[in-house]
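Remember, it's a predicted structure, so these values are computed and weren't measured experimentally. Numbered from 1 within each chain, the chains take letters A, B, ... in sequence-line order.
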Amino acid sequence: MRRRSLLLQVGVAALLLALLALLVNNLAVNLLRTGLGLDFGWLGRPSGFALAESALPYSPSDSYLWALTIGWLNSLKVIAAGLVLATLLGVAAGAARSSSNRLLRSLAGGYVAVIRQVPLLLQLLFWYFVAFLGLPETPIGGLIQLSNQGISMLGMPLSVEFCAVLTGLTVFTGASIAEIVRGGVNAVPRGQWEAFRSLGLSEGLGLRRIVLPQALPAILPALTSQYLNLAKNSTLAIAVGYADLYAVSDTTITQTGRAIEGFLLLLISFLLLNLLISGGMAGINATVLGRMRRSR
Amino acid sequence: MTVAIRATDLVKSYTPGSRALDGVSLEVASGEVLVVMGPSGSGKSTLIRTFNGLEKLDGGELDVLGVRLDAAHEERPVREIRRRVGMVFQQFNLFPHLSILDNITLAPVKVQKRPKAQAEQRAIELLDQMGIREQAHKFPAQLSGGQQQRVAIARALALDPEVMLFDEPTSALDPERVKEVLDAMRQLARDGMTMVVVTHELGFAREVADRVMFMDQGQVVETSDPASFFTNAREERSRRFLSQMV
């Protein structure tokens, strides 16, 4: 028995090594064919292209490396905002789906149903072309200004492209989070609802203090997947011309012809970003589980 | 004698064509202990769960401490009743992620807006009264069933309710844990609490109840004082039920 499992492990390891060798071989052959070799020297040369928006000062005379960094920061900005907003929207919609209010319940149900049927790319194009580019000039109370140039909130300008990507990612991911939250909430025994109700707690307070904390261990693992999806889906930003990491990489590769290096950098950047997200979520998960275990 | 609960012709139906409550009327006087007995499925749990709005009525009318409930009632009167009526469940239903102390102080602090320190002091008093003061900082799962149920009683009492509802409070307990819970309830009755208790504990009913109500198939079969109910029940159905109990 033990020998067979050992054989199996060696076999699987050999298979993986063979696959890896094949990939490395392909990479070497491709590099040889282009006659370029692996070279990152071009990263220091001026990019020569402008970016529509940048969190830090940037001009076409800056290096490719700096352009990619700006792209990375733009990605980070829309991902971070998307994670927060999608979570808020998802929890609200998920809670609304188990609400005793029929209107709330059907609104949330309709939202989830519609959003999950439509491809994200179409939704991004919708938010860009239909919702945000069509905005009339309307200052709302002086704090928020809408126009087809973008949205200015408390003096902070947000481009139309950023708004479209953020809204698209938020609304799309929020629908999946809503389902996850609903599943977690439904897994909490009915007796817990009856107990907080019989103590005179309101539905909202009971949900926040009693039900959601108990639903959390069931919610978190699936939530992590959704967070990673949101980060990866942010590369669709290129469709509406938002200068995220993928869009900047794309331009860079076109200009330099350094496709392999460009993709390697892109892969590593996303790997790092997603490791950051999964690491953070693993930390939260451990804290929550630790607290639950302490109460066992 | 003031009336704490008056029920008139209550109807509750979970599935069309069958009635969990089929025209139940009763009165519970202030300070009275009413024990509700009956075979499983007789509607006794459903009945007391309508008293604090956990079950919505399909017909009839309730008056609980002067607050009216009927089939069309809204959320507001229910919340008022729940603040004045405590409930203890068969499965305890303590909040597993909160300490014993937090289980008890949550509602007084969040619903009645009492200062936290005062609520905690009251919680300790109640735990003391239940004989489990030293459990205050533990979590529910660390306690035995009997201890958990006494915490549940303390949690309900922390809101200073005028009526206490007990839904088979000892049915989920190990036999050797039943007495400690019944003792706590006995003390409560002695202190003059208005209580409606759904239970199969004949001894408790005989000793503590002012009246025993026997239900079957969603209807009240008979209501008597315990002495005559246990020795000389009027109805054939009650006698058959009692003969099957040991």
Side-chain angles (χ1 to χ4, degrees), chain A residues 91 94-107 181 183-221 223 283-296, chain B residues 45 48-49 51-56 74-76 78-100 102-113 137-143 148 151-152 155-161 163-167 172:
Chain A
V91 171
R97 294 207 70 181
S98 4
S99 156
S100 49
N101 184 320
R102 186 172 303 166
L103 179 67
L104 260 180
R105 216 165 48 219
S106 15
L107 268 179
V181 169
V185 162
N186 285 350
V188 176
R190 289 309 294 172
Q192 294 291 308
W193 295 78
E194 294 180 349
F196 83 68
R197 282 180 183 146
S198 71
L199 289 169
L201 265 67
S202 68
E203 296 293 298
L205 192 61
L207 201 64
R208 267 202 321 282
R209 296 295 302 262
I210 304 302
V211 177
L212 281 179
Q214 293 184 63
L216 222 47
I219 289 175
L220 279 177
L223 192 61
I284 295 176
N285 207 4
T287 317
V288 169
L289 287 183
R291 205 185 308 145
M292 288 306 281
R293 200 163 305 127
R294 208 152 31 81
S295 62
R296 288 268 143 76
Chain B
S45 282
I48 74 162
R49 288 156 58 87
F51 291 171
N52 68 347
L54 285 182
E55 298 287 354
K56 263 194 145 174
E74 288 172 27
E75 189 65 19
R76 207 164 351 104
V78 177
R79 297 264 313 273
E80 187 191 336
I81 288 174
R82 287 173 183 168
R83 277 192 283 263
R84 297 169 61 191
V85 175
M87 185 158 203
V88 175
F89 301 89
Q90 180 177 354
Q91 300 294 340
F92 331 137
N93 293 350
L94 296 182
F95 306 131
H97 60 303
L98 299 181
S99 73
I100 299 306
D102 289 342
N103 260 278
I104 301 175
T105 57
L106 180 71
V109 171
K110 293 289 171 189
V111 178
Q112 295 182 326
K113 311 286 176 204
H137 298 286
K138 290 189 184 164
F139 284 91
Q142 296 169 304
L143 272 56
Q148 287 194 52
V151 173
R155 179 173 73 177
L157 290 176
L159 287 167
D160 290 324
V163 174
M164 284 284 284
L165 307 173
F166 293 85
D167 187 4

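Annotation: cation-pi pair B/Arg155/B/Phe95 present, NZ/CZ under 6.0 Å from the ring centroid and within 45° of its normal.
Counting only heavy atoms from C-beta outward, the side chains of B/Asp102 and B/Ser99 approach each other to under 4.5 Å.
More than 12 heavy atoms of other shown residues, nucleotides or ligands fall within 6.0 angstrom of atom CZ in B/Arg79.
For B/Val78, no part lies under 4.5 angstrom from a heavy atom of chain A. In this structure, the portion of A/Leu205 lying under 4.5 Å from any heavy atom of chain B is its side chain and not its backbone.
At a threshold of 4.0 Å, the pair B/Arg84-B/Glu80 counts as salt-bridged, since one of the basic side-chain nitrogens sits closer than that to a carboxylate oxygen.
Between chain A and the options B/Leu165, B/Leu94, B/Asn52, the largest number of non-hydrogen pairs under 4.5 Å is found for B/Leu94.
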